[in-house]
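Scroll down for the structure; my scribbles are underneath it.
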Amino acid sequence: MTWEQRWHPLREEWIIVAAHRQDRPWIGETVDHEQPEVPDYLSDCYFCPGNTRVSGKRNDNYQSTFVFDNDHPCVGTDAPRDLETPAGIFRNSAATGIARVVCYSPQHNATLAELAASDIENLLTVWQQQYVELGSRDGINHVLTFENKGDVVGVSNPHPHCQIYATNFIFKTIETESRVSQRHFEETGHVLFQDILEAERVDGRRIIFENETAIAFLPYFARYAYETYVAPKQTHQSIATLTSEELRGFAEALKVLLVKLDNLWSMSFPYVLALHQAPTDGGRYDGFHFHIEIHPPLRRPNLLKYLAGPEIGGGNFLGDTAPESKAAELRGQPNTHYKQAQ
Ligand SMILES: [Zn+2]
Ligand SMILES: [Zn+2]
């Protein structure tokens, strides 16, 4: 039985782990587990090669990844700059920035978990280029690369892809992680994330996979049941400075983790995946350690994690499962994808 509060050192907040309650009866919303066969090309998919998008632009006949500016950008160079000044204490600013889409492959049905490790490695180099290119632009203070996967997280197009928001502001989570990591670095001379990795190694129960250069684990302070991190073992402030050897190790660790998540319930596992990288505003981020965070919304095959009173009302997470047992479930899964296992 695990019933305690755990401190999240990157967010500086408490998580309540109340795993003694997990067998209480629950009637929640269900997620359709049935997965119809998906073809590798769809003529009416906006992201498949050669197709025309809503904007009227035609996609390249691309062979690997395909990067383009989002046709429905939430931040954009065309955003209005002459804004009305709001009343009193209220503040506003122009929603300028750049929003892009990166299609992972020409195959409409090849999720990140199903790509070859070499294709994932290639995608990582695209993420490197985008961070450097967008982050070096004037007025871009942060580059957020993320993937929403699955109907339950509201994906508008199932063709495997991620999005990049390059913004004039720093997203809240990164702002917090940066501030906390830098303070820890100045106070102790340590990289906070390295201290987390060290504590994970000492305990050992939540490490899911590791190789020479990369590690995948379900952190002690996970907020979601299957929340998992992938990180290089050496500290890099962003993905941009990883060597080719580190990229290879990182691609392997990411693939193994995603395959294990899919294998858990023999279903394409929904998640929000985000690259946490140092801001590009010219500040000092010696204490920042690049990592990927994966936040799956499911607690069980047909059960969503609801954000309710504690999370929305109060701002802290309440978990019904012990991170140690969830990590053990994942570690026990094979490293070969169930679709490729027959
Ligand atoms: Zn498609
Ligand atoms: Zn993070």
Side-chain angles (χ1 to χ4, degrees), residues 7-13 15 36-54 57-68 71 101-112 114-115 127 131 142-147 149 155-163 170-182 184-185 191-197 200 215-224 227-232 235-239 250 254 257 268 271-279 285 287-295 317:
W7 181 246
H8 193 315
L10 289 166
R11 300 177 61 89
E12 298 204 307
E13 67 190 30
I15 318 296
E37 276 295 306
V38 182
D40 63 2
Y41 170 81
L42 273 183
S43 57
D44 61 352
C45 168
Y46 289 133
F47 295 169
C48 276
N51 290 357
T52 305
R53 302 201 302 275
V54 268
K57 294 190 178 110
R58 185 181 284 274
N59 296 332
D60 297 348
N61 271 310
Y62 61 99
Q63 302 297 314
S64 57
T65 54
F66 178 51
V67 184
F68 58 94
D71 296 317
V101 174
V102 182
C103 292
Y104 291 158
S105 91
Q107 271 183 280
H108 186 81
N109 57 359
T111 64
L112 191 52
E114 295 164 85
L115 291 183
W127 286 348
Y131 176 84
H142 181 240
V143 178
L144 181 71
T145 302
F146 65 96
E147 177 187 354
K149 176 171 175 252
V155 173
S156 54
N157 186 328
H159 192 119
H161 69 282
C162 69
Q163 300 185 63
I170 301 165
F171 272 83
K172 189 67 190 171
T173 301
I174 305 301
E175 187 187 68
T176 303
E177 287 191 2
S178 302
R179 178 171 39 79
V180 167
S181 300
Q182 196 61 19
H184 186 81
F185 188 72
V191 171
L192 177 58
F193 203 92
Q194 290 287 10
D195 285 352
I196 292 170
L197 290 181
E200 288 295 350
I215 184 163
F217 63 104
L218 194 151
Y220 171 75
F221 45 80
R223 295 183 301 158
Y224 290 86
E227 176 175 330
T228 36
Y229 288 18
V230 186
T235 294
H236 292 268
Q237 291 174 25
S238 75
I239 194 173
F250 195 93
L254 180 59
L257 177 61
S268 192
Y271 57 68
V272 174
L273 174 156
L275 278 69
H276 283 189
Q277 312 193 74
Y285 298 105
F288 199 94
H289 187 117
F290 155 68
H291 56 283
I292 282 183
E293 293 190 13
I294 298 171
H295 298 265
F317 268 63

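Just follow the structure's listing: the first ligand is 1, and inside any ligand the first atom is 1. Small disclaimer: the values here were computed from a predicted structure and weren't measured. Just so you know, these numbers use all the heavy atoms, side chains as well, and skip hydrogens, waters and symmetry mates.
Restricting H291 to its N/O/S atoms, the shortest distance to the Zn ion (ligand 2) is reached by NE2. The Zn ion (ligand 1) lies closest to atom ND1 when only the N/O/S atoms of H108 are considered. Of all the N, O or S atoms in E293, the one closest to the Zn ion (ligand 2) is OE2. Taking the N/O/S atoms of H276 in turn, the shortest distance to the Zn ion (ligand 2) belongs to ND1. For E177, the N, O or S atom with the smallest separation from the Zn ion (ligand 2) is OE2.
L273 and L112 get closest at one heavy-atom pair: CD1-CD2, 4.2 Å. Listed here is the closest heavy atom pair of P219 and T228: CD-CA, 4.3 Å.
Residue contacts to the Zn ion (ligand 1): C103 brings no N, O or S atom closer than 2.8 Å.
No more than 12 heavy atoms of other residues, nucleotides or ligands shown are found within 6.0 angstrom of OH on Y46.
Between F171 and H142, the ring-plane angle classifies as tilted under the 30° and 60° cut-offs.
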Carefully, step by step, assess T176 and E12 under the rule side-chain hydrogen bond (donor to acceptor under 3.5 Å, both in side chains). CA-CA 8 Å; T176 303; E12 298 204 307; over 6 Å; no
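Side-chain contact of E293 with H291: a donor-acceptor pair under 3.5 Å is present, judged by distance alone.
The ND1 atom of H159 and the SG atom of C45 meet at the Zn ion (ligand 1) at an angle of about 110°, given to 10°.
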